[in-house]
Amino acid sequence: MQKLKPSFYRQPDVLQVAKSLLGQHLVTIVNGQRTAGMIVETEAYAGATDRASHAYGNRRTKRTGVMFDEGGVAYVYLCYGIHYLFNVVTNVQDIPHAVLVRALQPIEGIDIMLARTRKPALQYSLTNGPGSLCKAMHITTADTGLSLTGDKIFIEKATPIKAQDIMAGTRVGVAYAQEDARLPYRFWIKGNPWVSKGKGL
DNA sequence: TATTAGATAAAA
DNA sequence: TTTATCTAATAT
């Protein structure tokens, strides 16, 4: 399998990247253990112009700093004090765009994921949420800034999802973003059971 | 005067 | 629980 090229992440349109990411394989290798999953749900964050983004108004801090880097690196932050959220930084330097990976369909190392999540249930609850996804893939804030073309966390090119199988809707958990919360920046694969929430919109 | 460290507050 | 911001201390 081939890794996505750096140029993929530097596309000027975050929405395009978010959609293109669907169906690709996110893989992490930790302690020699390889785990992989197909991305089935993403959300786009348009940086400076997006109230839902940490980088809204070009707000730059130690934490959000990596979003200002060139596309192709990982941005991991903590939500609600306990959930790690994995984002892919896109666009060029100084444009803090990012795509949040919300759900995965396990492909490789499912047993390893199960061991990490300590939730024996082989249900869709393994990687169907941004928080549990990171646990399963062993992603933490220590991974922020890592290049997605490196050897620990990367995305492999896979069969692209057909346009008619991509659904769009509003993002979740961004009520504070006011009008921006209603933007159709969330994408998922139609009918995939691993998508985090109800698909009915 | 600048940089670093510690402490306190806020968050999502 | 992590992260941000402020205040203080120490070095420059």
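In what follows, every chain begins at residue 1, and chains take the letters A, B, ... in the order their sequences are listed.
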Q: Could you state the atom-to-atom distance from CZ of A/Arg63 to C1' of C/dT5 in whole Å?
A: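 Atom-to-atom, A/Arg63 to C/dT5, this comes out as 13 Å.
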
Q: Students often get this wrong, so: under 4.0 angstrom with heavy atoms, is A/Ile82 touching a base, only sugar-phosphate, or nothing?
A: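 The answer is nothing, as A/Ile82 stays clear of every strand by at least 4.0 Å.
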
Q: Rounded to whole Å, please give me the gap between NE2 in A/His83 and P in C/dT2.
A: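 It is 14 Å, rounded to the nearest whole Å.
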
Q: Select one nucleotide: of B/dA12, C/dA4, C/dT2, the one nearest the side-chain heavy atoms of A/Thr61.
A: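 Output: C/dA4.
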
Q: Any idea which of C/dT5, C/dT3, B/dA12 is nearest the A/Arg59 side chain?
A: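 Out of C/dT5, C/dT3, B/dA12, the nucleotide with an atom closest to A/Arg59's side chain is C/dT5.
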
Q: Roughly, in whole Å, what's the span from OH in A/Tyr84 to P in C/dT3?
A: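 Rounded to whole Å, this separation is 7 Å.
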
Q: Within 45° of the axis and under 6.0 Å from the centre of the six-membered ring of A/Tyr176, does NZ or CZ of A/Arg51 qualify?
A: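 Cation-pi check for A/Arg51 and A/Tyr176: fails.
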
Q: Please give, in whole Å, the distance from C/dT2 P to A/Ile139 CD1?
A: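 It works out to 18 Å between those atoms.
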
Q: Just how far, in rounded Å, is P of C/dT3 from CE of A/Met67?
A: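 A/Met67 atom CE is separated from C/dT3 atom P by 13 Å.
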
Q: Could A/Arg171 and A/Tyr45 be counted as a cation-pi pair, given that NZ or CZ must be under 6.0 Å from the ring centre and within 45° of the axis?
A: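 Yes; both conditions hold, so A/Arg171 lies above the ring face of A/Tyr45.
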
Q: Grab the NE2-P distance between A/His54 and B/dA12 for me, whole Å please.
A: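 Roughly 7 Å, once rounded to whole Å.
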
Q: So, are A/Asp13 and A/Lys19 salt-bridged, with charged N and O less than 4.0 Å apart?
A: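 No, A/Asp13 and A/Lys19 are not salt-bridged.
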
Q: Provide, to the nearest angstrom, the distance between the CD atom belonging to A/Glu43 and the C1' atom belonging to B/dA12.
A: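 These atoms are roughly 14 Å apart.
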
Q: Please determine, for the side chain of A/Lys62, which listed nucleotide (C/dT5, C/dT2, B/dA12) has the closest atom?
A: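 Closest nucleotide among those given: C/dT5.
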
Q: Got a donor-acceptor contact below 3.5 angstrom from the A/Glu41 side chain to the A/Ser196 backbone?
A: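 Confirmed, A/Glu41 side chain pairs with A/Ser196 backbone.
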
Q: So which nucleotide from B/dA12, C/dT2, C/dT5 ends up closest to the side chain of A/Tyr176?
A: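 Minimum distance to the A/Tyr176 side chain belongs to B/dA12.
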
